[in-house]
Each structure stands twice: as C-alpha cells, then as structure tokens.
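FYI, the numbering just counts along the sequence from 1. If you're wondering where the values come from, they're calculated on a predicted model, not measured in any experiment.
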Amino acid sequence: MPPDPETLAFAPERLIQDFVSRGLVVLGPDDLGIPAAVHDTIYEKEKAAVGAKRRVTATTIPEILEVVNAPGVVAACDRLVGPNWAIVPFTHNTPFASGAYDQHWHKDDNGPYNMRKHRHHHAVQVEMLYYPQAVAHDMGPTAVVPYSQYWTFNHEENHDNFAGADHLDFGYQLDGMQRVPASGPDCPYPQADVVMRRTPHDLRMREAIDDTGWPLVAPFEVAPLTAGSVVLYSHNLFHRANHRRDDWHTWKSRPRFMWRFWLYRTTDPDSDSRDPEELDWGGLGVDPVTGLDYAAAPDDATAVWRHHYHWMHNGRRPAAVAGDVTPLKAQLKASGEHNEPQRLGAAYKLAASADREAALAVLGNGLRDERETVRRAALYGLVATGADATPLLLDAVESPVRWVRRAALCAIGDAAPLTPAVLAAVEGRLSTDDSVYVRSVAAGALGCLGRRAVATNVGKTLLPTCLDALVACLGRERNRLGMNIAQDRSIKLVRPTDECDVCEGIGIDYGVDRFEPVRSVVRENALWSAVILCSHGVDVLGSSLGAAVEALAHVVRTDRNVFSVGLAADALGRLANARDADSALDLASRLDELLGELPIHSWEAFVRGGVDPAAVG
C-alpha cells in the first residue's frame with residue numbers, strides 16, 4: 001500500500017536526523033513559501049514546450065527559479081549543505097517525464113553526466129527533485145532505497161561501476177531489460193501484473209535489494225505527492241526512475257514531470273556551534289515515512305548516523321567512546337559485499353574510539369589493504385577521525401599504489417587542516433601524478449580544504465595559494481574526446497585506457513557550435529573547487545584574485561567543454577556578487593559581457609550564485 005500523504009509531511013525539527021539516517025526528506029508545497037500558482041504555470045508551460053518539442057530549461061520556464069530560490073527550499077538546503085550552496089551547471093537540471101520504461105537501482109554519477117569523482121559520505125552533495133504536478137502512486141513516482149546511502153560496491157577495478165554510477169544489478173542493463181517497456185501499449189506483460197507489481201521487472205527490482213543482504217533496506221516509492229512538492233535526498237542514495245502503471249492513454253494529457261538539480265556544499269558547518277544532544281537511535285520509534293522501527297537498526301548503522309548527525313551540526317566528530325578496538329580490526333576486513341555495513345560500522349566505531357592510537361593504526365593499515373572493500377571503509381573511517389589522521393594520510397599520499405594515493409587524497413580533502421605540509425602534498429599530486437584519477441581527486445581536495453579553512457580559521461591565509469594551484473592546473477590539463485565517442489560504445493560500457501584511468505563522463509555539446517563533446521575530469525574538479533573558494537568572496541583570495549579572474553574568464557570565453565564553462569561562470573558570478581566584490585576589477589559588468597557571449601545558459605546555477613534573475617532570457 002502507498003503511504004498516506006500525511007506521513008510524507010516535512011518535519012523541520014527532525015531534518016538532520018532524518019537525512020543522516022533515512023537519506024531523504026520531503027517538502028510539501030506549503031513548506032516552500034511561494035504561491036501555488038507558480039506550480040501550475042510551470043506545469044502548463046512545460047506541457048506546451050514538450051508538445052512543441054522545445055528544450056525545457058530555466059530559459060524557457062524562468063518560473064523554475066522561484067522554486068530553486070523559494071524560502072523554504074533555501075532554509076532546508078542551508079541546513080543540509082550549508083549556506084551559499086551551489087548547483088552543478090549544464091547537467092541533469094532539466095525535467096524528466098515518466099513513461100513505460102524503468103531504470104535499475106543505482107547511485108547517480110557524482111559528477112556531470114557519468115563523470116567519476118570522489119563520493120563523499122558527509123553531506124557535500126544533495127539531489128533536489130521538484131514535481132510541478134501531483135504524483136499519484138501509479139504515475140511513476142521516484143523509487144528509492146532509504147538507509148542505503150553509506151553502502152556501495154567496488155569501482156576501482158570493477159568495470160560495471162567504472163562510468164560514474166554504482167549499480168545494484170548491472171546485469172539488468174546487459175540483459176536488455178532496461179529496453180523492454182514495463183508498461184504502456186508495447187508492454188509484453190498483462191496489465192493486471194503491471195498494476196499488481198508482479199512483472200519480471202518488479203521481481204528483479206525487489207530481488208536486487210534482497211540479494212544485498214544489507215540490513216534496513218527496502219524499496220520505497222515517494223508518493224503520493226501534492227503538486228509543488230520537493231524531495232531532497234543524499235546523492236549517494238540508491239534510487240531509480242520508475243514506470244507508470246496507470247492507463248497509458250492518459251499519459252499525454254496528464255504527464256508526470258520532474259526537475260532534478262544537483263546541489264553541493266561551498267561552506268562547512270559552523271565549528272563554533274555547540275555539540276547536539278546525543279540521540280538514542282534505537283528509541284526513536286517508527287519512522288513515519290518508511291515504517292521502519294529504529295529499534296531494528298544495528299549499531300553498525302547507528303555508529304555511522306551518529307557521526308554524521310554531529311558533523312552536520314558543527315563539523316566535528318562526536319565524543320569518544322571507550323572500548324576494545326581488537327574486534328573491530330577483524331570486522332573491518334570482513335569479506336563479501338553483504339558485509340559492507342559491517343565494514344563501515346567498524347570504520348566509524350574506530351573513528352569514535354577513545355584509544356586513538358590503536359584505532360588509527362588499524363585504519364591506516366586498512367587504507368593500504370589490497371582489497372578495495374577494506375580501503376574504502378578505512379577511507380571513511382579516517383575522514384570521520386578528523387585532523388588526527390593527517391600524518392598517516394600524508395605518508396599514504398606518497399604510496400607507489402595509485403589507489404592508496406587516491407584514497408589518502410580523498411581523506412585529506414574531507415578531514416585534514418589546511419597547513420603548508422598538507423597543501424604541498426596535494427599540490428604535488430595535482431601537478432605530477434601519472435594517474436588522471438589521482439590528479440582529479442587532488443583538484444577536488446583543494447576546494448574542500450579551503451572550505452574547511454574558512455569555517456575553522458585554520459589555514460585561511462593559504463587560500464590564495466590553493467587558488468593559484470587550481471589556475472596552474474587549468475594551464476596544464478587538456479580536454480579529451482568523450483570516452484563513449486572515442487571508444488564507440490555506451491558510456492556504461494567504456495573502459496579505462498593508458499591515457500585516462502577514470503571515466504571523465506559522456507561527451508555532450510548541446511547542439512551548439514561553440515561546444516564539443518569533450519571532457520576533463522581534472523579541469524572540471526579544479527573548477528568545482530574554484531566555485532567553492534570564490535563563494536567566500538574577494539578578500540580571502542588575496543593576491544591570487546587577478547590571475548584567477550583572468551583564467552576563469554578565459555575558460556568561459558574559449559573552453560569547448562560546456563561543464564567547465566558553466567563552473568567557471570558560476571565562480572565568476574559568485575565573486576562579482578560577493579559583498580566584498582572589488583569594484584576595481586569591475587567584475588559585474590565583465591560577467592554580464594561573458595554571459596552575453598554564451599549561446600546557452602545554466603540560469604539555475606548562475607542565479608543561485610548571485611546573478612540577477614532579471615537577466616534570464
């Protein structure tokens with residue numbers, strides 16, 4: 001049975017609690033603080049655009065910007081990903097219509113269009129879904145797997161998960177089932193089986209979750225929803241597009257649209273905030289959304305939730321817990337995909353251990369383990385440990401094994417203080433490492449380090465050097481033809497090469513001569529970091545500002561990679577609209593000129609960064 005609409009009601013007092021555990025919260029239209037007529041306008045304009053086969057964007061439907069900037073949306077996202085959050089430009093920020101086909105369970109590619117980048121456990125990336133019309137239980141509501149956001153599968157040398165997304169059952173695509181309509185006029189199954197959820201598609205979806213062997217997980221369809229609802233969920237949550245089960249004759253007159261935006265953090269939690277009160281996770285009762293009794297949650301899950309509950313309040317780990325770390329050493333190395341929650345639970349318990357020295361030794365050995373399952377758990381445990389892990393991570397950055405270097409850089413970006421030694425290690429990998437993957441993680445780490453330096457005031461004076469390193473990187477790194485085109489195969493089936501050991505994403509040009517189907521995971525990560533640093537204004541960037549503005553303007557004006565252009569424009573927009581904007585550089589008029597030269601615009605990202613909505617169109 002579908003949930004009662006009342007169970008999906010937004011509970012602001014439980015926002016962080018629900019997000020770090022369930023991984024998903026729902027805002028109703030009354031929570032947004034904008035007129036209900038906005039949703040009707042968006043829906044009718046979208047129907048007209050789709051009927052005329054026009055591309056649907058914020059340029060054609062500028063009312064969508066009222067949703068993105070709605071007071072209730074901003075307030076909720078400020079608490080989840082921090083003030084001044086950004087939107088990834090030129091990516092999936094366009095509407096999706098449900099119909100006859102399914103996707104299988106997956107975690108989204110965590111960079112634009114199948115790009116593989118570091119997957120953060122902290123609330124650094126959040127997806128926002130918006131539905132301008134009501135969504136009934138049979139209209140193809142978004143399907144999710146609550147409580148699944150911290151658990152996943154290998155990808156370093158597992159080609160099924162090479163291209164950005166992580167899959168529960170990649171065989172679903174290999175077998176061709178994704179191309180078989182699960183409903184509608186061409187569906188091979190009886191309509192009664194479609195309605196009752198007993199087709200081979202439905203069975204395979206349920207079996208994929210059951211086969212994980214993970215606790216708590218079960219399929220959940222986010223419906224019914226009132227027109228104007230917004231869903232916010234962890235970028236790491238397993239989910240899928242869902243087919244419609246109602247009368248297909250009504251689909252054209254009653255389409256179900258969904259807009260998706262990828263949000264990311266530019267500011268860390270306030271380190272001066274008090275520690276929150278400890279939660280008795282097992283005593284929280286029944287989750288009104290999913291029906292899960294929290295008493296059933298194992299301590300391997302609640303140990304993870306506890307850390308993130310505290311981190312989202314003030315960026316710090318919770319109080320240490322006494323106990324013997326010896327059993328956790330074996331648990332960290334448990335084998336099998338079904339033991340992913342146990343490995344992660346051990347890692348987070350080690351991070352919270354009062355025996356810091358012994359716990360760090362176990363996690364440090366795990367980071368160098370030959371198995372990715374162990375390395376991955378140790379990585380997140382070291383991130384949760386915080387600054388104490390820095391010496392160990394600096395040593396691991398020099399490892400001859402690229403996977404160890406990559407994991408160490410991920411953890412440095414998410415946990416270490418910005419010191420001269422840390423900056424030198426990251427900059428060294430960014431400039432000289434043979435692995436494209438390692439260089440891309442180093443580029444992303446600089447933004448994370450800078451974000452934390454501002455929040456803690458530790459290393460803040462090094463931000464100009466971080467930006468200088470990113471600018472130098474842009475001068476070295478080059479775009480490459482999208483892997484799907486270069487290898488003449490689906491992006492899901494591309495493979496690493498001698499030239500590039502990470503999926504840089506699908507080649508896309510949006511049909512305009514200005515852009516080409518080229519990508520660079522290092523350049524895009526460097527510009528992602530530039531957006532973060534520029535979000536903190538002109539003053540903190542010091543002597544690096546002039547060169548950075550020139551480099552970003554050059555990208556906007558000349559780069560053939562649409563994603564790089566969007567990120568560079570957003571970074572400039574944030575500088576131009578900062579309260580301490582340097583009038584001597586005349587950034588605002590220069591930005592207007594640069595945006596005027598672009599043939600297409602990602603207005604939702606640019607307006608979020610401070611561009612006047614009146615500029616749209």
Side-chain angles (χ1 to χ4, degrees), residues 88-93 109-118 162-164 262 406 429-447 467 469-532 547-572 594-595 597-602 605:
V88 179
F90 290 122
T91 185
H92 296 289
N93 309 335
D109 34 315
N110 49 353
Y113 281 109
N114 292 99
M115 184 177 83
R116 165 69 66 180
K117 69 191 297 290
H118 171 43
F162 175 72
W262 288 4
R406 182 198 74 83
R429 287 298 114 200
L430 177 61
S431 61
T432 65
D433 205 288
D434 292 334
S435 165
V436 174
Y437 202 171
V438 172
R439 297 201 305 275
S440 72
V441 173
L446 288 173
L467 192 55
L470 296 171
V471 169
C473 161
L474 294 174
R476 290 189 304 268
E477 299 287 343
R478 296 291 177 264
N479 290 314
R480 279 175 284 271
L481 185 65
M483 279 182 160
N484 59 310
I485 301 172
Q487 298 182 23
D488 191 24
R489 57 173 68 185
S490 162
I491 190 64
K492 298 294 186 184
L493 301 176
V494 297
R495 296 295 180 255
T497 66
D498 288 345
E499 186 180 27
C500 185
D501 59 342
V502 62
C503 186
E504 296 190 295
I506 192 171
I508 188 168
D509 59 15
Y510 283 107
V512 295
D513 293 338
R514 164 63 205 279
F515 301 114
E516 297 174 355
V518 294
R519 302 297 299 273
S520 168
V521 67
V522 185
R523 289 177 66 83
E524 291 171 38
N525 268 282
L527 290 161
W528 179 82
S529 285
V531 172
I532 294 172
V549 168
E550 293 305 318
L552 293 169
H554 182 72
V555 170
V556 175
R557 183 160 278 148
T558 67
D559 205 301
R560 296 294 186 177
N561 180 337
V562 68
F563 307 112
S564 292
V565 169
L567 289 164
D570 191 19
L572 283 172
L594 289 169
L595 293 180
E597 295 175 3
L598 291 179
I600 56 175
H601 301 83
S602 184

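Among all heavy-atom pairs drawn from Asp501 and Phe162, the shortest one is O-CE1, 3.8 Å. For the pair Gly507 and Asn484, the tightest heavy-atom approach, listed with the atom from each and the gap, is N-OD1, 3.0 Å. Residues Pro112 and Val88 share a closest heavy-atom pair of CG-CG1, 3.8 Å. Scanning both residues, Ser529 and Gly447, for their nearest heavy atoms gives OG-N, 3.0 Å. Of all heavy-atom pairs spanning Pro89 and Gly566, the tightest one is CG-C, 3.4 Å. Annotation for Gly111 and Lys117: closest pair CA-CD, 3.9 Å, computed over non-hydrogen atoms.
One distance of note links CZ of Arg476 with CG of Leu430; it measures 5.0 Å at 0.5 Å rounding. Atom CZ of Arg116 sits about 13.5 Å away from atom CD of Glu504, to the nearest 0.5 Å. To the nearest 0.5 Å, atoms CG (Asp109) and OG1 (Thr91) are separated by 7.0 Å. Atom CG of Asn114 sits about 6.0 Å away from atom CD1 of Ile506, to the nearest 0.5 Å. Atoms CD1 and CZ, on Ile600 and Phe515 in that order, are 5.0 Å from each other to the nearest 0.5 Å. A distance of 5.0 Å separates CD in Glu524 from CE in Met115, rounded to the nearest 0.5 Å.
With contacts defined as side-chain heavy-atom distances shorter than 4.5 Å, the pair Val522/Ser440 qualifies. Side-chain contact between Arg406 and Ser435 is absent, with no heavy-atom pair separated by less than 4.5 Å. Counting heavy atoms from C-beta on, the side chains of Leu446 and Asn525 never come closer than 4.5 Å. Residues Val556 and Leu595 have side chains not in contact (no heavy-atom distance under 4.5 Å, counting atoms from C-beta outward).
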Using side-chain contact (heavy atoms from CB on, under 4.5 Å), reason through Val549 and Leu572 one step at a time and then give a plain yes or no. CA-CA 7 Å; Val549 168; Leu572 283 172; 4.2 Å; yes
Can Leu527 and Val565 be said to form a side-chain contact (heavy atoms from CB on, under 4.5 Å), step by step? CA-CA 9 Å; Leu527 290 161; Val565 169; over 6 Å; no
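With sequence neighbours excluded, the residues forming a side chain to side chain contact (heavy atoms under 4.5 Å, CB included) with Gln487 are Met483, Arg489, Val494, Arg495, Thr497, listed by chain and number. Shown here are the side chain to side chain contact (heavy atoms under 4.5 Å, CB included) partners of Ala548, two or more places apart in sequence or in another chain: Leu467, Val471. Scored by the salt bridge (Lys or Arg N to Asp or Glu O under 4.0 Å) test, Glu597 finds Arg557 as partners (sequence neighbours excluded).
With Arg560 contributing its side chain and Arg514 its backbone, the two residues share a donor-acceptor pair below 3.5 Å.
Between Tyr510 and Phe563, the ring planes lie perpendicular to each other; the angle is over 60°, past the 30° to 60° tilted range.
Considering Leu470, Leu474, Asn561 in turn, Leu474 is the only one that fulfils the side chain to side chain contact (heavy atoms under 4.5 Å, CB included) rule with Arg523.
Under 4.0 Å is where a charged nitrogen must lie from a carboxylate oxygen, and between Glu477 and Arg439 at least one such pair does.
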